[in-house]
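Worksheet: one structure, shown below.
Labels below follow one simple rule: chain letters A, B, ... track the order of the sequence lines, proteins then strands, and each chain is numbered from 1.
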There are 2 protein chains.
Amino acid sequence: MLTDEYRYKIFKLVEANPEVSQRELARKLGISLGKTNFCLKALIDKGLIKVNNFRNSNNKLAYAYKLTPSGIDEKANVTIRFLKKKMKEYELLKQEIENISQEVRHDSH
Amino acid sequence: MLTDEYRYKIFKLVEANPEVSQRELARKLGISLGKTNFCLKALIDKGLIKVNNFRNSNNKLAYAYKLTPSGIDEKANVTIRFLKKKMKEYELLKQEIENISQEVRHDSH
DNA sequence: TTCATGCGTTCAACAAATGAACACAAAATA
DNA sequence: TATTTTGTGTTCATTTGTTGAACGCATGAA
């Protein structure tokens, strides 16, 4: 399942390091290789990321994942969406902590 | 899967309203009836909650879920554990929001 | 008696995630 | 050159977690 969390993180990681492998991506995302492949391919299929084969400094064939122009746009959108979601979570969490703290104080007195 | 979140919420809901049905519990927990039954039974099997059959004011047979003495102890423990977990989440979330906010500011300038 | 309601319980079906296994290409080694 | 090793993306059977319709049962209502 491809959520904004993974959209955001994949865009960010790929932009920072286009030569990242799917295995390393999986490790950094904290998810399995299979899911990483699924999410990444979804972004590729939508034309937001493209795959380049290129020769690196050692003349070795390597993969590079690059954000397309629409991918760059989408990264900005997703980042804002994800941030807003996190800020909402933050407020809810703050309230929940206050509520539980009050329960704890109340129960122990 | 029975996590501290549901342990905490079930203890709290059952203590506040022992006559709650599993369907109402499910609704308040925001999970399915099957999962509610699974979690509640786990707490019953551990001797933390006991089931009473009793006659209510209309002489109708009804169920009541009551925290046992060890259940009351465990509720206090779980509440503290859950609160600590939420406070850790809170700090992580705060940091994450700061990081993303900075990215957004940086990218748009 | 018969029907309707509401209870806990079950479990087939679904959804999501995993990671071992695979085909392939390049590099390293014999 | 030929062979083995390494590292890539890809696949998919398996596992894990969740759902909610369906069931048996007990009570109240008709």
Side-chain angles (χ1 to χ4, degrees), chain A residues 1-11 13-68 71 82 85, chain B residues 1-11 13-68 71 82 85:
Chain A
M1 202 190 156
L2 177 52
T3 61
D4 275 348
E5 173 177 1
Y6 295 114
R7 286 190 188 93
Y8 162 72
K9 289 182 178 175
I10 291 173
F11 280 139
L13 288 167
V14 162
E15 195 171 54
N17 176 21
E19 297 186 40
V20 68
S21 72
Q22 291 188 15
R23 279 169 180 79
E24 189 183 350
L25 210 46
R27 192 179 54 74
K28 288 183 176 173
L29 292 170
I31 59 177
S32 71
L33 175 61
K35 184 175 176 180
T36 299
N37 180 267
F38 175 84
C39 292
L40 185 58
K41 270 212 285 196
L43 297 177
I44 293 169
D45 288 347
K46 284 176 190 153
L48 304 175
I49 289 179
K50 68 176 175 180
V51 189
N52 283 354
N53 290 348
F54 74 102
R55 301 276 166 178
N56 67 14
S57 57
N58 298 326
N59 201 36
K60 175 181 175 179
L61 187 63
Y63 287 86
Y65 302 100
K66 193 164 182 296
L67 271 61
T68 64
F82 185 59
K85 187 185 164 220
Chain B
M1 201 189 159
L2 177 52
T3 62
D4 276 347
E5 175 177 359
Y6 295 114
R7 286 190 188 92
Y8 160 70
K9 289 181 178 176
I10 291 173
F11 280 139
L13 288 167
V14 162
E15 195 172 54
N17 178 21
E19 297 185 40
V20 67
S21 72
Q22 291 188 16
R23 280 171 178 79
E24 189 182 351
L25 210 46
R27 193 179 52 76
K28 288 183 176 172
L29 292 170
I31 59 177
S32 70
L33 176 60
K35 184 174 176 180
T36 299
N37 180 267
F38 175 84
C39 292
L40 186 58
K41 270 212 284 195
L43 297 176
I44 292 169
D45 289 347
K46 284 177 190 154
L48 303 174
I49 289 179
K50 67 175 176 179
V51 188
N52 283 353
N53 291 347
F54 73 102
R55 301 276 167 176
N56 66 14
S57 57
N58 298 327
N59 201 38
K60 175 180 176 179
L61 187 64
Y63 287 86
Y65 301 101
K66 194 164 183 293
L67 272 61
T68 64
F82 185 60
K85 188 185 164 221

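Minimum atom distance to the side chain of K41(A) is reached by dT11(D), of the listed dG8(C), dT11(D), dT9(C). Checking dT19(D), dT8(D), dG8(C) against the side-chain heavy atoms of N37(B) singles out dG8(C) as nearest. When distances run from any side-chain atom of S32(B) to the nucleotides dA16(C), dT10(D), dT19(D), the shortest one goes to dT19(D). For M1(B), counting side-chain heavy atoms from C-beta on, the closest listed nucleotide (dT9(C), dA20(C), dT18(D)) is dT18(D).
Put simply, CG on N52(B) is 13 Å from P on dG8(C), counting in whole angstrom units. Residue F38(B) contributes atom CZ, which lies 14 Å from atom C1' of dC11(C) at whole-angstrom precision. Atom P of nucleotide dT19(D) and atom CD of Q22(B) are separated by 15 Å, given to the nearest angstrom. Atom CD1 in I49(A) sits about 13 Å away from atom P in dG9(D), given to the nearest Å. In this structure, OH of Y63(A) is placed 8 Å from C1' of dA25(C), rounded to the nearest angstrom. To the nearest angstrom, P of dT10(D) lies 10 Å from CG of D45(A). Atom CG in L40(A) sits roughly 13 Å away from atom C1' in dT8(D) (whole-Å rounding). Computed from coordinates, the E19(B) CD to dC7(C) P distance equals 11 Å when rounded to whole Å.
An OP1 or OP2 oxygen of dG9(D) is reached within less than 4.0 angstrom by a side-chain nitrogen or oxygen of Y65(A). Neither OP1 nor OP2 of dT19(D) sits under 4.0 Å from any side-chain N or O of K35(B).
No side-chain heavy atom of R23(A) sits under 4.5 Å from any side-chain heavy atom of R27(A).
Applying the 6.0 Å contact sphere to NZ of K66(B) captures no more than 12 heavy atoms from other residues, nucleotides or ligands.
Considering K50(A), Q22(A), E19(A), E15(A) as possible partners of Y65(A), the one that fulfils the side-chain hydrogen bond (donor to acceptor under 3.5 Å, both in side chains) test is Q22(A).
Atoms CG and CD1, on L25(A) and I31(A) in that order, are 7.5 Å from each other to the nearest 0.5 Å.
Nearest heavy atom pair, residue T68(B) against residue G47(B), reads OG1-O, 2.6 Å.
With hydrogens and angles ignored, no donor-acceptor pair under 3.5 angstrom links the side chain of R23(B) to the base of dG6(C).
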